[in-house]
Structures are given as C-alpha cells and as structure tokens.
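Read the structure below first, then the notes.
For ligands, and for the atoms within them, numbers begin at 1 and follow the listed sequence. Bear in mind the structure is a predicted one, so any value in this text is a computation, not a measurement.
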Amino acid sequence: MRRLATMVIAVVGLAATAATAEPPAAAFFGAAAAPSSGPAAAIGGHARGCLAGAVELHADGPGFQAMRPGRDRRFAHPALVAFVERLAARLRAEGHPGLLVGDLAQPRGGPMAGGHRSHQSGLDADIWYLPAPPHRLRTAERETLSAVPLVRPDTLELEAARFRDFDTARVLRTTASDPAVARIFVHPVVKRALCRRADGERDWLGKLRPWWGHDHHFHVRLACPEGDHACVDQAPPPAGDGCDDTLAWWFTEEPWAPSDAAPPAPLALADLPARCRALVAAD
Ligand SMILES: [Zn+2]
C-alpha cells in the first residue's frame, strides 16, 4: 500500500496549501491499487459509494472476454462477478458467441477520474453490444478493438442490421430476466427498438432504462445483494414496460438541447459514507 499512502500524503498536502479546493475523492480511489481485505460489502449508492473486499473478474471465462485490461477496472462485488459468469454461460448455452465486458469498478470502488459517475459500489458493469469474435483476443487487441454503436452517429436512428446481427434483443431480454438485475441502461433508440419488437411477455422491458450514451454498450446495475446492509438501493423502476411517454420524451428536442448548467462538482471524500473514507485512509 506504499503507493496509496504516498499518493494520499501528496493529495492531502495539496489540500493543506489550497484550503478552499478539496481534492476529489477520485484521486484517493484511483490510487488504491488493491482491494481492501475482509468481507465484501457494497457501501453507499451506485453513484456515491465504494466497495470493500472486492474480487476481480477473470480476463476470460466461458462465454466472455474482458476488455481494456490497462484500465484495471475488473474489480467488483462477488455478486457482480457471479452475475457476469452466469449471464455469459447462459447466453453461450443459447448460442451467443460471447460477451465483451467493459468496466466494472476500481479495486476499492469509489468515484473514478473521468468517465462514469456510477460504478462506485461494485454492482455496475458495462457490456458491449458487439459480440466477442471467435478467437481469444490478445492483450493488445483488448486495448484497441473498438466497440460498435447501435445508433447512427448524431441521429436517433437504429443501426438495424447490427441490432439484429448482434442478437441484441435476446441478449437484453436474457440479461433483464436475471433476478439480480435492477436496471439496464441503454440508448433510447435501443429501448424503442425493443418496445417495437417485443411480443408476449413484456415486463422485462421495464428494467431497460433509456439514458444518454449507451449506444456502444449497455450498463447493468444489480440491486443490493441480500445481507449487504451498508448498500443503498436506487428506487426500483416504475411498473410497466416503459414504452410510454417517458420514452417518447427522448425523441423530443429537450433531452438533447445544449445546457448552460455547470457540470456537477466532483465528489469529495466528505460526500461519501464514512466507511468509504476509511477505506482509502493511509494504512
Ligand atoms: Zn457504465
């Protein structure tokens, strides 16, 4: 933990010289090179929390390959690792060629410098729409292979052939049907395509939440695992399939209009639960 301690001392020193500017929590969590010891616990919320006792998803397993190894974000709550393995095995049994898995969390979760606002408590995973190729990717390929969007750039139009070829509807239905899954964030164009195509049982569509981005990957969020008492769940999505006015709103100007609002300030350690602060205190 010397690297972490040095980093923390450096960051705290910085804070002392600039009393008004508190260093972002992401600096502390980004410097934590290894999970904390002890039992696994998701602490706080998905966008304001951290992760104790993380485990690391293997780089490969039956039905999945993990991408971008250099980012070092394969850490997660054991429930999330089990979910990824379970989903990959299930899809493989259904004939899917394999999942490409993106970011999970940092070794101690927490806010990340750049990129995600959530993925903090070890219960969020990004999965590419692009299926895995038939071969095992080399490390260099995992860094450079590009994800492929399901939405035409700068439009609200589906890449319909890709949507079909990637077996997107099956992948998302199978993902949503796992009881551990609370929400799946997808681009509104992807949600609309599923709303139009789904027949029969439609309740699973309610877990698919339209959101900005998410045209190259979908984002799975698990509910707090049973017995994880420090974990804070988001309110469940509203009942129904969500193929309604709330979806139609995404196809108006409003969500895409430029905003003058300042981006939210990065989270400071003081914004996180006390157990999270303790997780990155020098040791
Ligand atoms: Zn994500």
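For residue H214, no N/O/S atom approaches the Zn ion (ligand 1) to within less than 2.8 Å. The Zn ion (ligand 1) has D126 among its coordinating residues (N/O/S atom, backbone or side chain, under 2.8 Å). Among the atoms of H119, an N, O or S atom is found under 2.8 Å from the Zn ion (ligand 1).
Each of R86, K207, R90 was compared with D178 under the side chain to side chain donor-acceptor pair (under 3.5 Å) criterion, and only R86 meets it.
Closest non-hydrogen pair, R275 versus A230, comes out as NH1-CB, 3.5 Å.
Of all N, O or S atoms in H219, the one lying closest to the Zn ion (ligand 1) is ND1.
Taking the six-membered ring where the residue is Trp, H219 and F185 present perpendicular rings, their angle passing 60° and hence far from 30°. A tilted orientation is assigned to the rings of Y129 and F218, their planes being inclined by 30° to 60°.
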